[in-house]
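Throughout, numbering of the chain's residues begins at 1 and tracks the sequence. Worth knowing before you read on, the calculation uses all heavy atoms, side chains too, and leaves out hydrogens, waters and symmetry mates.
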Amino acid sequence: MIFEAPGETFAERYPQRPFRLRHNLRGHKLFTLPALLDLARRLPPGNIEYNAGDIPIDQDPDRTPMTGLSIEETIRRINECNSWMVIRNVEQDPAYAQALEDCLAEIAPATARATGRMYKKIGFIFVSSPGAITPLHLDPEHNILMQIDGTKRINIYPNDKGLVPPEHHEDYHAGTAHRNLRHKPEFDALAEAYELAPGEAVYVPVKAPHWVKNGDAPSVSFSITWRSRASDNEARLRLANHAVRKFGGRPPEPGAAPFRDAAKLVLQRIASKLKSRPRA
């Protein structure tokens, strides 16, 4: 078993609210720095994003400072180089694909009751220096962040309190807005903070804004993500609203008008199929 009694907690809070989990991947050989260095060498360079870790919570993504180090130097010197790194799509490597599948298989029965089957399963590994910041952002997937080594604090904001303007959600799914968000201190009272030590994890709901600060030692985290019919419907409704707003409409938020949402989903799926159909 990887997770300790996941079903009980999922039943209470999944998929709308964050919650804590415990796992047994602490010390696993796949997540040592030498193993991650080997993984980084095997994967395409485009799978790896890295930059300086000493950045503000609402860092402008177009002005993110770099360190001037190589990928290899960053991993080797992670204790001292003040860097943040993510290795994306680790499921492209067979060993990490199996690790991802093993984790998700344990929780799949619990998630299926609320959001259906899992698909588009993707794994991310974060390697960060002491004190490094992951800026405030949102993600379109269901996500469990598993702390493997070091500590970090993750601050998760509710995704249903209007903290993110609907236009930003729509632009994000249309590909014209970044996942990073502007931080507003007045919203901090709504955040749930989770201190993660090795062997601990937290579920982050779809599109819930969050930011992370590492503790005083290098950190390694494994992020296991998946999509569901619920997450895809949210994305499709945002795209439909984006189209309505372009023509001067003021569409309601997803969930505010269920019958209208159902009609939008049908129309959006038709439009998506027509757009992807090859031209004669």
Side-chain angles (χ1 to χ4, degrees), residues 2-3 23 25 28-51 53 61 64 66-67 69-76 78 83-108 111 115 117-129 132 134-135 137-150 152 154 172-173 175 177-180 196 201-208 210-212 214 218-232 234-235 276:
I2 295 171
F3 292 103
H23 66 85
L25 289 186
H28 195 288
K29 63 182 181 179
L30 289 180
F31 301 99
T32 63
L33 291 182
L36 296 177
L37 179 55
D38 287 342
L39 174 64
R41 288 170 175 159
R42 293 195 299 270
L43 293 178
N47 283 43
I48 302 172
E49 177 185 350
Y50 60 111
N51 51 249
T64 301
M66 308 304 291
T67 62
L69 300 176
S70 67
I71 294 170
E72 182 170 328
E73 288 175 313
T74 299
I75 295 176
R76 289 189 184 280
I78 198 65
S83 296
W84 173 93
M85 171 183 284
V86 59
I87 307 174
R88 304 178 183 277
N89 295 98
V90 300
E91 73 283 352
Q92 293 178 2
D93 183 274
Y96 292 87
Q98 188 61 57
L100 174 66
E101 190 60 39
D102 288 346
C103 290
L104 293 179
E106 283 195 6
I107 62 173
T111 65
T115 57
R117 71 177 182 87
M118 296 175 167
Y119 47 88
K120 296 181 185 177
K121 304 170 187 178
I122 298 176
F124 304 81
I125 296 175
F126 296 90
V127 185
S128 309
S129 296
T134 304
H137 67 286
L138 51 77
D139 295 311
E141 312 97 345
H142 303 274
N143 172 24
I144 294 178
L145 181 65
M146 306 171 69
Q147 191 67 13
I148 309 295
D149 197 14
K152 62 177 45 171
I154 179 169
Y172 171 77
H173 286 290
H178 198 270
R179 66 180 184 272
N180 284 14
L196 299 182
V202 64
Y203 167 71
V204 183
V206 174
K207 305 293 283 297
H210 57 284
W211 65 276
V212 182
N214 278 5
S219 169
V220 176
S221 305
F222 185 30
S223 182
I224 60 173
T225 76
W226 66 98
R227 303 289 184 96
S228 67
R229 187 173 182 85
S231 68
D232 279 0
E234 194 270 349
S276 62

Does any part of the side chain of L196, heavy atoms only, come nearer than 4.5 Å to the side chain of V212, both counted from C-beta?
no
side-chain contact (heavy atoms from CB on, under 4.5 Å) involving A105 - partner list, sequence neighbours excluded
none
Checking F222 now: which residues fulfil ring-ring contact (aromatic ring centres under 6.0 Å, His included) with it, not counting sequence neighbours?
F31
If the condition is salt bridge (charged side-chain N to carboxylate O under 4.0 Å, His left out), which residues does R76 pass it with, not counting sequence neighbours?
E72
Separation between CD1 of I224 and CE of M146, rounded to the nearest 0.5 Å:
5.5 Å
Return the minimal non-hydrogen interatomic distance between S128 and N214, and the atom names on each side.
CB-ND2, 2.6 Å
Can you find a pair of side-chain heavy atoms, one from I144 and one from Y203, that are under 4.5 Å apart?
yes
Separation of R117 CZ from T111 OG1 (nearest 0.5 Å):
11.5 Å
When rounded to the nearest 0.5 Å, the distance separating CD1 of I78 from OH of Y50 is 11.5 Å
Sorted by chain and number, sequence neighbours left out, ring-ring contact (aromatic ring centres under 6.0 Å, His included) with H178 holds for none
Heavy-atom closest contact (S223 atom, N143 atom, distance)
OG-OD1, 2.5 Å
Output yes when a side-chain donor or acceptor of Q147 lies under 3.5 Å from a complementary backbone atom of D149, and no otherwise.
yes
Would you say that K207 contacts S231 through its side chain, given a criterion of any heavy-atom pair below 4.5 Å between the two side chains?
no
Under the salt bridge (charged side-chain N to carboxylate O under 4.0 Å, His left out) test, which residues partner R42, sequence neighbours left out?
D93
Partner residues of V86 under the side-chain contact (heavy atoms from CB on, under 4.5 Å) criterion, sequence neighbours left out:
E49, W84, R88, F124, F126
For L30 and I125: C-alpha separation, side-chain torsions, deciding distance, then whether side-chain contact (heavy atoms from CB on, under 4.5 Å) applies.
CA-CA 11 Å; L30 289 180; I125 296 175; over 6 Å; no
Counting distance only, does the side-chain N/O of T67 pair as donor-acceptor with the main-chain N or O of N51 below 3.5 Å?
no
Sequence neighbours excluded, which residues qualify as ring-ring contact (aromatic ring centres under 6.0 Å, His included) partners of H137?
H210
How long is the straight-line distance from CD1 of I48 back to OG of S70, given to the nearest 0.5 Å?
10.5 Å
Between R41 and D38, is there a side-chain N and carboxylate O pair less than 4.0 Å apart?
yes
Contact between L25 and C103 at the side-chain level, heavy atoms closer than 4.5 Å - yes or no?
yes
Taking C-beta and beyond as the side chain, do H28 and I148 meet within less than 4.5 Å on heavy atoms?
no
Given side-chain contact (heavy atoms from CB on, under 4.5 Å), test L33 with V220 step by step and report yes or no.
CA-CA 8 Å; L33 291 182; V220 176; 4.2 Å; yes
Ion pair E101/K121, N-O distance below 4.0 Å:
yes
So I87 and L39, side-chain contact (heavy atoms from CB on, under 4.5 Å) or not? Walk me through it.
CA-CA 9 Å; I87 307 174; L39 174 64; 4.2 Å; yes
According to salt bridge (charged side-chain N to carboxylate O under 4.0 Å, His left out), who are the partners of E91, at least two apart in sequence or on a separate chain?
none
From T225 OG1 over to L104 CG, what is the distance, rounded to the nearest 0.5 angstrom?
8.0 Å
With sequence neighbours left out, the residues meeting side-chain hydrogen bond (donor to acceptor under 3.5 Å, both in side chains) with T115 are Y14
Please list, chain by chain and in numerical order, all residues satisfying side-chain contact (heavy atoms from CB on, under 4.5 Å) with P44, sequence neighbours excluded.
N47, Q92
Partners meeting side-chain contact (heavy atoms from CB on, under 4.5 Å) with A235 (sequence neighbours left out):
H173
Audit row: L43, N89, side-chain contact (heavy atoms from CB on, under 4.5 Å) steps and yes/no
CA-CA 9 Å; L43 293 178; N89 295 98; over 6 Å; no
Restricting to ring-ring contact (aromatic ring centres under 6.0 Å, His included), what partner residues turn up for W226, sequence neighbours left out?
H142
Please find the pair of heavy atoms, one from V206 and one from P140, that lie closest to each other, and give the distance.
CG1-O, 3.6 Å
Quick one: pull up CE in M66 and OG in S83 and give me the separation to the nearest 0.5 Å.
8.5 Å
